[in-house]
Amino acid sequence: MVKAADRAKNPARSSVWLEKRAARSGGGPAGLDRDRIVAASVRMLDEEGLAKLSMRKLATELGVTAMSLYWYVDTKDDIIEYALDTCYGEIDLAAVDAAGDWRQRIRTLALAYRRMLVRHPWMSPCAGQYLNIGPHAIAVGSEIQAAIRDTGLPIGRQPSAMSAVFQFVYGYGTIEAQFGRSAADAGMSQDDFYTDSIKAFREDEQFLDALEGMGDILDERQSHGSVSAIWDRDFDYALDVLVAGIEVMVERQRDEE
């Protein structure tokens with residue numbers, strides 16, 4: 001059994017995907033397996049967030065004792081890593097392969113990644129905390145690398161292009177997910193939450209000077225009448241800007257050769 005204290009001694013090498021777990025003797029609890037544990041953990045994380053996930057609460061959700069979970073996992077971190085990789089498995093890689101050239105594959109991957117982050121708001125804080133080297137995460141990463149490789153950028157520039165696109169998607173999806181969570185916690189639709197918050201901002205006298213330079217932007221955004229329409233429109237255009245930027249850099253590289 002791997003203990004949290006053991007992982008703390010070497011955090012850079014700590015991952016459920018790297019550890020060799022000894023098989024348990026005998027049989028595990030009837031009707032329980034790792035897939036069922038992970039599916040329940042994803043549901044709980046989606047509903048309540050990272051802070052409220054515990055082995056005790058997860059066991060209660062599954063109708064078993066907390067000790068029963070240890071037949072299949074050693075720590076809560078194991079469960080989170082398995083849950084992360086399960087969510088990466090939601091990205092339809094067949095659709096990416098069928099998308100066409102590198103531009104369309106990048107767009108398909110970026111949109112799928114954004115939607116995954118929005119469905120699972122708890123994922124964003126885990127990005128730098130865990131290695132994300134499960135089979136689904138590696139498969140997604142390989143598709144991203146293949147799409148960027150096909151741009152024609154030299155190898156030394158490909159990581160930068162990946163960062164430009166997919167760190168943008170990570171940030172965008174994170175903000176979109178947290179906004180949705182805030183609206184839900186307030187018991188409001190995203191449209192009502194946005195309208196009410198902007199109204200409060202614009203009516204507060206301390207922000208009058210700042211509003212002089214952004215009033216037209218706020219008016220334009222509110223003219224769409226739907227927060228989801230704003231999210232989609234801004235994301236699509238920003239992604240077009242990034243793809244166009246890659247095209248420019250590829251051409252520049254060719255001119256320099």
Side-chain angles (χ1 to χ4, degrees), residues 1-93 112-144 166 169-171 173-174 176-178 180-182 184-185:
M1 181 174 180
V2 177
K3 297 180 180 179
D6 296 329
R7 288 186 167 188
K9 294 175 184 176
N10 196 357
R13 297 180 62 84
S14 293
S15 171
V16 70
W17 305 107
L18 294 174
E19 291 155 358
K20 302 297 185 286
R21 191 175 191 272
R24 298 290 191 266
S25 59
L32 190 64
D33 57 31
R34 195 179 78 189
D35 288 344
R36 189 178 167 213
I37 292 170
V38 174
S41 71
V42 171
R43 288 196 304 272
M44 291 182 66
L45 287 163
D46 288 347
E47 293 169 3
E48 302 181 11
L50 275 169
K52 294 186 178 180
L53 181 69
S54 69
M55 299 294 265
R56 179 185 58 79
K57 290 183 70 173
L58 182 56
T60 300
E61 173 74 12
L62 290 164
V64 300
T65 65
M67 288 304 298
S68 299
L69 301 179
Y70 292 105
W71 282 90
Y72 305 98
V73 293
D74 288 329
T75 68
K76 187 174 78 170
D77 283 335
D78 290 0
I79 293 174
I80 294 172
E81 284 198 83
Y82 285 132
L84 278 166
D85 200 61
T86 294
C87 294
Y88 276 107
E90 296 173 2
I91 294 179
D92 185 353
L93 298 183
Y113 183 32
R114 169 195 162 200
R115 287 174 173 169
M116 179 186 70
L117 290 169
V118 172
R119 280 194 303 271
H120 309 293
W122 54 273
M123 287 191 68
S124 295
C126 299
Q129 187 176 356
Y130 298 96
L131 290 181
N132 293 317
I133 55 172
H136 294 304
I138 287 177
V140 171
S142 295
E143 287 287 346
I144 291 172
F166 290 96
V169 178
Y170 167 80
T174 296
E176 184 179 359
Q178 296 308 315
R181 175 72 77 184
S182 295
D185 289 346

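Position 1 is the first residue of the sequence, and the numbers go up from there.
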Looking at side-chain heavy atoms only, is the closest gap between [X] and [Y] below 4.5 Å?
{"X": "Pro135", "Y": "Trp17", "result": "yes"}
{"X": "Asp85", "Y": "Val38", "result": "no"}
{"X": "Ser68", "Y": "Thr65", "result": "yes"}
{"X": "Leu53", "Y": "Lys76", "result": "yes"}
{"X": "Trp71", "Y": "Leu32", "result": "no"}

Hey, could you give me the [atom1]/[atom2] distance between [X] and [Y], rounded to the nearest 0.5 Å?
{"X": "Arg43", "Y": "Glu61", "atom1": "CZ", "atom2": "CD", "answer": "5.5 Å"}
{"X": "Gln129", "Y": "Ile80", "atom1": "CD", "atom2": "CD1", "answer": "6.5 Å"}
{"X": "Ile133", "Y": "Leu18", "atom1": "CD1", "atom2": "CG", "answer": "4.0 Å"}
{"X": "Leu131", "Y": "Leu84", "atom1": "CG", "atom2": "CG", "answer": "11.0 Å"}
{"X": "Tyr113", "Y": "Met123", "atom1": "OH", "atom2": "CE", "answer": "7.0 Å"}
{"X": "Asp74", "Y": "Ile79", "atom1": "CG", "atom2": "CD1", "answer": "10.0 Å"}

Of all the heavy-atom pairs spanning [X] and [Y], show the shortest one and how long it is.
{"X": "Leu117", "Y": "Ala177", "result": "O-CB, 3.5 Å"}
{"X": "Gly173", "Y": "Val118", "result": "O-CG2, 3.9 Å"}
{"X": "Trp122", "Y": "Val42", "result": "NE1-O, 4.4 Å"}
{"X": "Leu50", "Y": "Pro125", "result": "CD1-CB, 4.1 Å"}
{"X": "Glu81", "Y": "Val16", "result": "OE2-N, 2.8 Å"}
{"X": "Met55", "Y": "Val73", "result": "CE-CG2, 3.9 Å"}

- [ ] Taking side chain to side chain donor-acceptor pair (under 3.5 Å) as the test, write out the residues that go with Thr174, two or more places apart.
- [x]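 Thr174 satisfies side chain to side chain donor-acceptor pair (under 3.5 Å) with Ser124 only.
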For Arg119, does the CZ atom sit with more than 12 other heavy atoms under 6.0 Å from it, leaving out its own atoms?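 Yes - once you tally the heavy atoms of other residues, nucleotides and ligands closer than 6.0 Å, there are more than 12.
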- Task: Check step by step if side-chain hydrogen bond (donor to acceptor under 3.5 Å, both in side chains) holds for Asp78 and Thr75.
- Result: CA-CA 5 Å; Asp78 290 0; Thr75 68; 3.3 Å; yes
message = Apply side chain to side chain contact (heavy atoms under 4.5 Å, CB included) to residues Met44 and Leu58 and explain how you reach the verdict.
response = CA-CA 8 Å; Met44 291 182 66; Leu58 182 56; 3.7 Å; yes
